Amino acid sequence: MKATHRAALMVAAFVFLLPLPARSEIRGGSIEVTPFVGYNWFQDKQNLKDRPVFGGRLGYNFTPHFGIEGTVEFIKTAVDDKGLTSFKEGQFGFPMDDVDLYFYHVDAVFHFMPEGRFNPFIVAGFGGAHYKPRVSDHDMAAFNVGVGAKYWLTDHVALRADVRDYMVTEIIQETYHNVAATIGVTLAFGGRGRPVPAQAERVEAKPEPVAVAPIPPPAAPTVSMYADPSTIELRQCAKLTWTTTGASSASIDQGIGSTDPNGSRQVCPFNTTQYTVTAMGEGGTRTASTTITVNPPPKAEVKFILLEDEHFDFDKSTLTKEGVVILERNILVFKENPEMKVRIAGYASASGTEEYNQKLSERRAKTVEDYLTKEGGIAPGRLTKIGYGETRPATYEPIPSDIESKAAKSNRRVLFEIIVK
């Protein structure tokens, strides 16, 4: 024990005489060597006395957090109860006395706070236990788990403490727990330090730029347009006039196109039309509009077409050649005016019976309607017919005087009107 104390004092003196660095940490890529001493407590059923433990560790840190290490430990102990004569593998008894125990294992280490002086960690590993004298035909398997901490005195020297549970087992038979507490000195070599932060480049202050008032954007153009006159009849014309300010060019729709920013021109629309002028300049675009109203043409006047007795076979409703010629001329009028609708009215004189004259007028009106639709291709929806017989003499209609005289010459026996609406 005296030799152990002297070794511990020498290690302590070596540690505290080393110069202290500015900072300490666990570094990735570093190698650590840790001699240690401690005390081991055996489980009672193993029948060994609790004794000091001596050993050493050699480790490598892959990263500041994670490392691996190999450990060898030695315990010189003795049988506790020498009267025990019946025991299992892994237990000790008579006639054994002194026992030498060697632990060897490989452990994984995880550091929780590798950046500072104080680094707590957890450790777990697997290895074997060798006893002398032997209590098994081979070394027994040994698992271990534990916790510990390192405290860095310098950049490369730290104090280390561990508490572990060594589970010595025959796997399928008995397991014995040995608890050991150790303290040691860790010496670190090499490794990658944290990058030193780059010094900030000195930047000389520059004078503040003098604020310059922004140049206001150019104003948007103005534009106006009017028509004279604004209302015209079909086939008449009007004059468009437009004026702008702040515009470099202009354009008018309705097929007129580009034009001067200020000007006028004559237009002759066939329908009511809106004209829009667009003025363009550096400040943007503006538009103005005016509308020219075109009045529709007047409705067609009422026209009269006279078919007298000589235009029908005597006492019949069959058209003569003269009657056909009159209707052919009117078919052309109908086709030139597709919106026109007509009324065919039949009249009769007072000769003959009232019933006879009524039916004769209706038949002759039907003859005219059939000819217009079948021979002339006039849509039936454009035609209406009526036979007045002798109940409504033609003189009751507002017929011009020249037609009235013709009807009189023919004794107004039959009179047809085709009224254009």
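Any value given below was found using the heavy atoms of this structure, including those in side chains, with hydrogens, waters and symmetry copies removed. Small disclaimer: the values here were computed from a predicted structure and weren't measured.
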*Show the numbers, then the answer: is there a side chain to side chain contact (heavy atoms under 4.5 Å, CB included) between Val37 and Thr182?*
CA-CA 5 Å; Val37 296; Thr182 62; over 6 Å; no
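- Looking only at side-chain heavy atoms (C-beta outward), Leu159 and Val185 come within less than 4.5 Å of each other.
- Side-chain rings of Tyr166 and His105 approach one another, their centers coming within less than 6.0 Å.
- Rounded to the nearest 0.5 angstrom, Tyr371 OH and Asn330 CG are separated by 11.5 Å.
- Aromatic pair Phe118/Tyr151: ring centres not closer than 6.0 Å.
- Within the 4.5 Å cutoff, no side-chain heavy atoms of Val72 are placed close to those of Phe103.
- Note that the OG1 atom of Thr71 and the CG atom of Leu58 stand 9.0 Å from one another [nearest 0.5 Å].
- The shortest side-chain heavy-atom distance between Phe54 and Glu73 does not fall under the 4.5 Å cut-off.
- Judged purely by distance below 3.5 Å, without hydrogens or angles, the side chains of Thr34 and Thr186 pair a donor atom with an acceptor atom.
- In this structure Phe110 satisfies the ring pair (Phe, Tyr, Trp, His ring centres under 6.0 Å) test together with His65, Phe112, sequence neighbours excluded.
- Looking at Val267 and Ile256, their side chains come closer than 4.5 Å, going by heavy atoms from C-beta outward.
- Taking all atoms of both residues into account, the shortest heavy-atom contact from Pro261 to Ala250 is CA-CB, 3.9 Å.
- With no hydrogens or angles considered, no side-chain donor-acceptor pair links Thr287 and Thr276 at under 3.5 Å.
- When side chains are defined from C-beta on, Thr291 does not count as touching Tyr275, because their heavy atoms never get closer than 4.5 Å.
- Partners of Asp162 by side-chain hydrogen bond (donor to acceptor under 3.5 Å, both in side chains), not counting sequence neighbours, listed by chain and number: Arg160, Arg164.
- A donor-acceptor contact under 3.5 angstrom links the side chains of Asn61 and Ser30, judged on distance only.
- In the model, His111 has no side-chain atom that pairs as donor or acceptor with a side-chain atom of Asn119 under 3.5 Å.
- Between the Thr272 side chain and the Val294 main chain, a donor and an acceptor come within less than 3.5 Å of each other.
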*Verdict with reasoning, Tyr176 to Lys45, per side chain to side chain contact (heavy atoms under 4.5 Å, CB included)*: CA-CA 8 Å; Tyr176 305 97; Lys45 62 182 179 179; 3.8 Å; yes
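- No donor-acceptor pair closer than 3.5 Å links the side chain of Trp242 to the backbone N or O of Ala288.
- Distance check, rounded to the nearest 0.5 Å: CG of Asn295 to CD1 of Ile232 gives 8.5 Å.
- Residues Leu327 and Val368 form a side-chain contact, since some pair of their non-hydrogen atoms from C-beta on lies under 4.5 Å apart.
- Of the inter-residue distances, the one linking Asp50 atom CG with Thr77 atom OG1 reads 7.5 Å to the nearest 0.5 angstrom.
- Ile26 contributes atom CD1, which lies 10.0 Å from atom CE of Met113 (distance to the nearest 0.5 angstrom).
- Remark: Glu25 does not engage Arg117 in a salt bridge, criterion side-chain N to carboxylate O under 4.0 Å.
- Thr244 contributes no side-chain N or O that, together with a main-chain N or O of Ala247, makes up a donor-acceptor pair within less than 3.5 Å.
- Of all the heavy atoms in Ala141 and Phe126, the pair that sits closest is CB-CE1, 4.0 Å.
- At most 12 heavy atoms of other shown residues, nucleotides or ligands fall within 6.0 angstrom of atom CD in Glu282.
- Considering every non-hydrogen atom in both Ala181 and Val163, the closest pair reads CB-CG2, 4.3 Å.
- The main-chain N or O of Ala379 is never found under 3.5 Å from a side-chain atom of Thr373 such that the two would form a donor-acceptor pair.
- With salt bridges taken as basic N to acidic carboxylate O contacts below 4.0 Å, one links Asp155 and Arg27.
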*Please walk me through it: do Phe334 and Leu372 pass side chain to side chain contact (heavy atoms under 4.5 Å, CB included)?*
CA-CA 10 Å; Phe334 295 153; Leu372 293 176; 3.7 Å; yes
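- Among all heavy-atom pairs drawn from Trp152 and Gly116, the shortest one is CD1-O, 4.0 Å.
- Note that the CZ atom of Arg363 and the OG1 atom of Thr318 stand 9.5 Å from one another [nearest 0.5 Å].
- For the residue pair Tyr104 / Asp139, a side-chain donor-acceptor distance below 3.5 Å is found, with atom types taken as modelled.
- Using the six-membered ring where Trp is involved, Tyr60 and Phe62 have ring planes that are perpendicular, over 60° apart on the 30 and 60° scheme.
- Between Val168 and Thr175, every side-chain heavy-atom pair lies at or beyond the 4.5 Å cut-off.
- Ion pairing between Lys366 and Glu362 fails under the 4.0 Å rule for side-chain N and carboxylate O.
- Under the 3.5 Å distance criterion, with hydrogens and angles disregarded, no donor-acceptor pair is assigned to the side chains of Gln43 and Asn178.
- Shown here for Pro52 and Ile75, the closest heavy-atom pair between the two residues is O-CG2, 3.6 Å.
- A salt bridge is absent between Lys239 and Asp228; no separation between the charged side-chain nitrogens and carboxylate oxygens falls under 4.0 Å.
- Within a 6.0 Å radius of OH in Tyr226, no more than 12 heavy atoms belonging to other residues, nucleotides or ligands are found.
- A donor-acceptor pair is defined here as one N or O able to donate and one able to accept, closer than 3.5 Å; no such pair exists between the side chain of Arg51 and the backbone of Trp41.
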*Where do Leu240 and Ile292 land on the side chain to side chain contact (heavy atoms under 4.5 Å, CB included) test, with the steps shown first?*
CA-CA 9 Å; Leu240 289 177; Ile292 297 177; 4.1 Å; yes
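- Contact of the Glu32 side chain with the Lys150 side chain is registered, since non-hydrogen atoms from C-beta on lie closer than 4.5 Å.
- Residues Lys335 and Gly376 share a closest heavy-atom pair of CE-O, 3.2 Å.
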